[in-house]
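The structure displayed is predicted, hence computed values, not measured ones. Values below: all heavy atoms of this structure, side chains included; hydrogens, waters and symmetry mates excluded. Residue indices begin at 1 and follow the sequence shown.
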Amino acid sequence: QVQLVESGGGLVQAGGSLRLSCAASGSISRINDMGWYRQAPGKERELVAGITSGGSTNYPESMKDRFTISRDNAKNTVYLRMNSLKPEDTAIYYCTAVIYYGAGLRKKDYWGQGTQVTVSS
């Protein structure tokens, strides 16, 4: 089995910064693409940032200037740095990864349990 665990969420004032981490563990053969999504109350889940195994990144236009995704392949970890946070950024943030497992011939997309980010006015 494979597990993704997010950490680093919490309460922050508007204009502040926060860094989220997500570590993968278990019967991992290799990790392909990784990313972050978020879901706020009353809204649908949306993409925050994505990163390929080679380090190429992609962001929605609204996230591009404030959020930065990175990864440490040696640690099986993906990070999300969030700057200039706004109250509308309040949401549960989930990490996701496409992972080859076991003997390395099978792959699945995995999701973490989520970490709460709350931005106060």
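Across Val78 and Cys95, no two heavy atoms sit closer than the pair CG1-CB, 4.4 Å. Closest approach of Ala14 and Ser121 over heavy atoms only: CB-CA, 4.5 Å. Considering all non-hydrogen atoms of both residues, Lys64 and Tyr59 come closest at CA-CB, 4.0 Å. Residue Ser53 comes nearest to Asn73 through the heavy atom pair O-ND2, 3.8 Å, listed as atom of the first residue, atom of the second, then distance. Nearest heavy atoms, Thr90 versus Ala40: O-CB, 3.4 Å. Ser17 and Val12 make their closest contact through O-CG2, 3.9 Å (heavy atoms, listed as atom of the first residue, atom of the second, distance).
There is no path of hydrophobic side-chain contacts, each under 4.5 Å, that joins Tyr94 to Tyr79. Residues Trp36 and Leu85 fall within the same hydrophobic cluster, defined by Ile, Leu, Val, Met, Phe, Trp and Tyr side chains chained together at heavy-atom separations under 4.5 Å. Clustering ILVMFWY residues whenever any of their side-chain heavy atoms sit less than 4.5 angstrom apart, transitively, puts Leu4 in a cluster other than the one holding Tyr100. In this structure, Ile92 is a member of the same hydrophobic cluster as Trp111, with clusters built from ILVMFWY side-chain heavy atoms closer than 4.5 Å. Hydrophobic clustering of Ile, Leu, Val, Met, Phe, Trp and Tyr side chains at less than 4.5 Å, counting indirect connections, unites Met34 with Phe67.
Each of Asn32, Ile31, Thr52 was checked for a side-chain contact (heavy atoms from CB on, under 4.5 Å) with Val98, and the lone residue meeting it is Asn32.
Residue Leu80 holds its CG atom at 9.5 Å from CZ of Arg38, rounded to the nearest 0.5 Å. Taking OG from Ser27 and CD from Gln1, the interatomic distance works out to 7.5 Å, rounded to the nearest 0.5 Å. Once rounded to the nearest 0.5 Å, the distance linking CD1 of Ile99 with CG of Asn76 reads 7.5 Å. Here OG of Ser7 is found 8.5 Å from CD of Gln113. Values are rounded to the nearest 0.5 Å. Between Gln13 atom CD and Ser120 atom OG the span is 5.0 Å, to the nearest 0.5 Å. Rounding to the nearest 0.5 angstrom, the gap separating the CG atom in Leu18 from the CZ atom in Arg81 is 7.5 Å.
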Derivation of the side-chain contact (heavy atoms from CB on, under 4.5 Å) call for Asn58 and Leu47
CA-CA 10 Å; Asn58 65 283; Leu47 174 69; 3.7 Å; yes
So Asp89 and Arg66, side-chain contact (heavy atoms from CB on, under 4.5 Å) or not? Walk me through it.
CA-CA 11 Å; Asp89 293 319; Arg66 299 189 298 118; 2.8 Å; yes
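For the pair Gln39 (side chain) and Ala91 (backbone), a donor-acceptor distance under 3.5 Å is absent.
Annotation: side chain of Val48 is not in contact with side chain of Met82 (no heavy-atom distance under 4.5 Å).
With a 6.0 Å cutoff to the six-membered ring centre and a 45° limit on the axis angle, Arg106 does not count as a cation-pi contact of Tyr101.
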